[in-house]
**Q** 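Below is the structure I would like to discuss, written out as structure tokens.
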Amino acid sequence: MKRLSYFEYRVPKTVEEAIELFESGGADARLMAGGTDLLMKMKHGAMTPKILISLKKIDGLDTIAFSEKTGLTIGATALLADVASHPDIVEHYPAVAEAARGTANVQVRNMGTVVGNLCNASPAADNAPTLLAMGATVHIQGAGGKRDLPLEEFFKGPGLTALRGAEMVTSLSVPLPPAGAGAAYLSLSARGKLDCTAVGAAAMVTMKGDVCDDVRLFIASCGPTPLRAPGAEQIMRGKPISDDILEKAGEIATGEASPITDLRASADYRTRIIAVLAGRAIKAASKRALAR
Amino acid sequence: MKKFSIVGKHVPRNDARAKATGTAVYTDDIKLPGMLHGRILRSPLAHARIVSIDTSKAAALPGVKCVITGQDIPKVKYGNWRLFPDTQDEYALAVDKVRFIGDEVAAVAAVDLDIAEEALSLIDVEYVELPGVFDVDASIKEGAPVLHDYCPTNISVNRKIHYGDVEKAFAESDYVREDIFTVHAVSHAYLEPCSSIAQCDLDGRITLWTSTQVPYIIQCLLASTLEMRENDVRIIKPFVGGGFGGKMELRTWEFCSAFMAKKTGKPVKFTLSREEEFLAGRRRHPMKLYSKVGFKKDGTITGKDFRVHLDGGAYNAMGPTATFLCGNFGAMLYRYPSYSFQGEHIYTNKPPASAMRGFGAPQAIFATETQMSIAAEELGMDPIELRIKNAQVSGDKIPGVATISTCGFIEALEKVAQMSDWKEKRANPKEGRGIGIGCYSFISGGAFNWFNTQYPYSAAEVRVFDDGTAHLLTMAADIGQGCDTAVKQILAESLGLKMEDIRITSADTAMTPQADLGAWGSRLTLFNGNAVLNAAEKIKAKLFGAVSARFNLNVIHEFECKDGKVYPKGRPDRGLTFGEAVGLVQKANRGEPLIAHGYYTPRDKGLVTPAFSFGAQVAEVEVDKKTGIVDVKKFWTAHDCGTVINPRAAEGQLEGSIQMGLGYALSEQFIMDGGKTLNTNFLDYKMPNAMDMPPSEVVHIETYEPEGPMGAKEAGEGLAIPTAPAIAEAVFSATGYRCRDLPITPEKILNAIEPRERPKSAVK
């Protein structure tokens, strides 16, 4: 591992100041929240930014806010550890809290952020599938102003996002789940309890009585970005949850993903597991929905 | 059982406080004035001839103080088997040829690490790539590329053991079982990467601080490669963060830091990165094991034919010993009236495999134990019953090896069955659950002398003072296993002192008595413990004489050192304090310091070891049959390590062994593309961590080993052996999948229990 090469470290006090620095730095500049991904890439020489812009000192950027009306807002520098334990999140968005708690280890959760995990745009990002399933929106600000984007349109490939030029994500918001909805995220990897996800599945299911009224299903680590499984969703809608239908949905979801072989699992294994995890995620989400 | 006051007690370890508070100084923590930082240039090719190396640009980089290649150093090969110089196949830096990706080609020392790193990129090496071989089958084929000119077959070691008539035994058997097993490489993954720093004094003598298990072996081999006298080289072992067999040879950075310190006059430090450790570091031998065992109808074993190919990687490293021991471990645990072993150590263009916790036994015994479980199933016997029927017992003779002096194996099997509720769980298994057994036996240090030393195998010096304290000096290397604490306990027990009365200086070859072959093969408690006892006995003889004279006692009295006092048994009133007795001895000898030297070299104990440990372990697992994920619910262990010197330390060894065994069985592997290791960090090298540790219960089976210090034998290494076969058997009983090919991956389980066509979507 190399030592960090020389860089300038800037600590803006406002979002506007950060964007200005980011714009003037151009391709040489990188924004940093927790730094748990970025600094590792720099230490391995995979990335050598000349200017690092820390977002940590921007007032209010680490906000975690909840209201029945607007839902949940998670600021760009809100820590994984804080999201994992925030009482409103634990109560109203347990799957969001679980995903944050399931990310990496204690040390990383105390440094890293949920928004950073999304902006790193790994197909295995632990926080993405749940937030996608729950219909989160990212709030983006750049030199040209502000815009909102559904999280579903945010990921463009491994390490690639829809951010353009000197834009940054200032926060993300998750709408209050509809009545009768529950969400769940399941992930699996070779080392059990602390590992990079080899296959993941997240679902938000809205139940009407025994029937699945609506479902949003996302598969992680089985394509260039977390992938939605619209065909599997379609077959679930209007049907009671049964092992048969879950199996069918899992099969369809398998066809909608594009797993490859890498260090963490073979394409064949991933293919077999997508169906299992998709079915289990839907089942767990529906159970949670019925328990509400 | 003897009564002890310090041995067998929960004595806190010497190093606990320093490690817990972060004040322990490891090699990389050492900073010397004017120190240079070294980096190593490694081969990007698995097999290639070096045409030329141009270091001029690197040497011209400001801040670079020294650049060396294989052409700049004495052409002295090294290796630990000095008795057989042919096996010494390594140069510190490649000469003419590289043989694996990561092979060391050049070294740079510069004023800081960044400059050293940059200098590496300025060295031009011209290679001619050669075809490589990456597995044992390819390597021994006719016409395969040859790695070392001296060894045209690529088979560098061939070991045979034969006793009894195996063929006759098979002919007379009712049931003969034949299997082939393969086991994979895993990393030692010690938390402290290798590190060394050398300084050269004005007389040209070298001091090397290094993270090693074998200070004396490093001293000798460094001296020979530098063409110096052994006593002009001083090795100091600071705190070491684990070795597990991976730090028991002279290595490139140790040589380079010393050679470059000599050349530049400045201290030079090398510390490996984790990526280097995974890319090029030593590893456990992958093996292909063919095993054939005969049984009578009632389960009695008649004989065994065991043939093993060890995938040694590019150099011998500790492979010859692993080959040797693999053959011995193949004949342990059970009574084999006839036994035939052939082990071949084979070169391939991969990072060299070497010693690793168990030293040939985890592989050999994975085969033994899995085959025993298969046989039990086919004979319709309970696996534990079949084991008890054939178990070795105290007094058993292993031809050409040794007599087993103490053996608590049957007791361990019975105990572990009871602890785990074995019978009930086997008879009424719960869905998805399974329970399995694995056993082990291990050596308490090696009695073989392939290092070819004239010194004792272990030595100790004890100095005692009239203030009632003692100073213990020993070359034994505490690498985290706790031998400093264990030998202090033994000395305190013997002299009747308290732990805090004893100062210990260890593993400094210029200060501590010659010699000690190091921390490997689970040897230090028995070997160094005996050396310490030997010195203590000599001190006590003098003290007893002084007390006897002082009180004009009848010469028939036997004496005792206890609670800081020296007195005749039965007349405690006629005694002195320990310090008073020391003072008297010194007075009687014109003030001569009271010092004694002790040593231990096994005598008449065969060529393998003076004593064997035994044990049995049961694992219970739950398997998710849809994903193939194995969740180990619990371990139960019963083991015989003789007298337990320090129960907490023994339990620590068990915990560490389970952690390693868990990784070996289920999650750890090197993912290779030809000769290239792809998973070079802890994210992708799946070592289990604290969260993966299942609960565990342990019982120590009490035996008293006559050859051991206060009855003790090994407790550190054997325990790493039973975990993989225990898990494998438990997975079998849960799923029907029998693993003959470690590791047990979720994919293998799924393929076995639910085979299916490869789906179309998986093609890309």
Side-chain angles (χ1 to χ4, degrees), chain A residues 1-6 37 40 43-45 102 104-106 108 122 124 186-199 201 219 222-223 243 246-247 250-280, chain B residues 37 39 112-114 116-118 120-121 193 271-276 624-632 662-663 666-671 673 678-694 743 745-751 754 756-764:
Chain A
M1 191 185 301
K2 290 178 184 170
R3 295 201 302 180
L4 295 176
S5 56
Y6 177 84
D37 283 308
M40 285 311 291
K43 279 200 154 195
H44 286 96
N105 54 33
V106 174
V108 169
S122 158
L186 296 172
S187 70
L188 183 151
S189 62
R191 184 168 41 205
K193 300 184 184 78
L194 193 163
D195 203 355
C196 191
T197 296
V199 186
I219 307 297
C222 288
D243 287 351
L246 288 174
E247 199 170 307
E251 245 170 61
I252 296 171
T254 307
E256 290 175 302
S258 49
I260 56 164
T261 293
D262 65 14
L263 293 181
R264 287 163 197 150
S266 72
D268 190 25
Y269 182 68
R270 284 193 161 107
T271 303
R272 298 174 81 148
I273 296 309
I274 291 166
V276 177
L277 286 195
R280 286 182 183 176
Chain B
H37 298 265
R39 295 289 293 147
D112 72 37
L113 268 178
D114 293 344
E117 190 74 43
E118 194 182 338
L120 292 187
S121 67
T271 298
L272 265 54
S273 67
R274 183 59 63 183
E275 285 73 13
E276 282 179 289
D624 180 334
K625 290 188 182 172
K626 291 284 179 204
T627 62
I629 298 278
V630 176
D631 185 13
V632 181
L662 206 56
L666 295 173
S667 62
E668 291 181 40
Q669 59 180 316
F670 284 107
I671 300 170
D673 178 13
L678 301 177
N679 49 339
T680 60
N681 56 49
F682 274 122
L683 186 60
D684 290 317
Y685 184 85
K686 310 288 187 188
M687 184 167 92
N689 60 44
M691 288 162 74
D692 298 308
M693 287 295 287
T745 63
E747 195 162 4
K748 287 179 191 169
I749 294 176
L750 281 195
N751 286 341
E754 202 182 293
R756 65 169 207 181
E757 297 277 304
R758 199 177 160 80
K760 285 192 192 87
S761 55
V763 170
K764 61 196 262 193

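Because the structure is predicted, anything quoted here is derived from the model rather than measured.
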**Q** Between CG of A:Asn105 and CG of B:Asn689, what distance do you get to the nearest 0.5 Å?
**A**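 One finds 8.5 Å between CG of A:Asn105 and CG of B:Asn689.
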**Q** Heavy-atom count check: over 12 atoms from other residues, nucleotides or ligands less than 6.0 Å from B:Lys626 NZ?
**A**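 Atom NZ in B:Lys626 is not crowded, with 12 or fewer foreign heavy atoms closer than 6.0 Å.
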**Q** Atom CD of B:Glu754 and atom CZ of A:Arg272: how far apart are they, to the nearest 0.5 Å?
**A**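 Atom-to-atom, B:Glu754:CD and A:Arg272:CZ are 5.5 Å apart.
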**Q** What part of A:Arg280 is in contact with chain B, defined as an atom under 4.5 angstrom from a non-hydrogen atom: side chain, backbone, both or neither?
**A**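 The side chain, not the backbone.
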**Q** Atom CG in A:Leu263, atom CG in B:Leu683: separation rounded to 0.5 Å?
**A**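 Answer for the CG-CG pair, A:Leu263 versus B:Leu683, is 9.5 Å.
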**Q** Given that the side chain runs from C-beta out, which part of B:Leu750 has a heavy atom under 4.5 Å from chain A: side chain, backbone, both or neither?
**A**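 Interface part for B:Leu750: both.
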**Q** Given a strict heavy-atom distance threshold of 4.5 Å, which part of B:Asn681 is in contact with chain A: side chain, backbone, both, or neither?
**A**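 Nothing of B:Asn681, per the 4.5 Å heavy-atom cut-off to chain A.
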**Q** Atom CG of A:Leu186 and atom OG1 of B:Thr627: how far apart are they, to the nearest 0.5 Å?
**A**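 Atom-to-atom, A:Leu186:CG and B:Thr627:OG1 are 10.5 Å apart.
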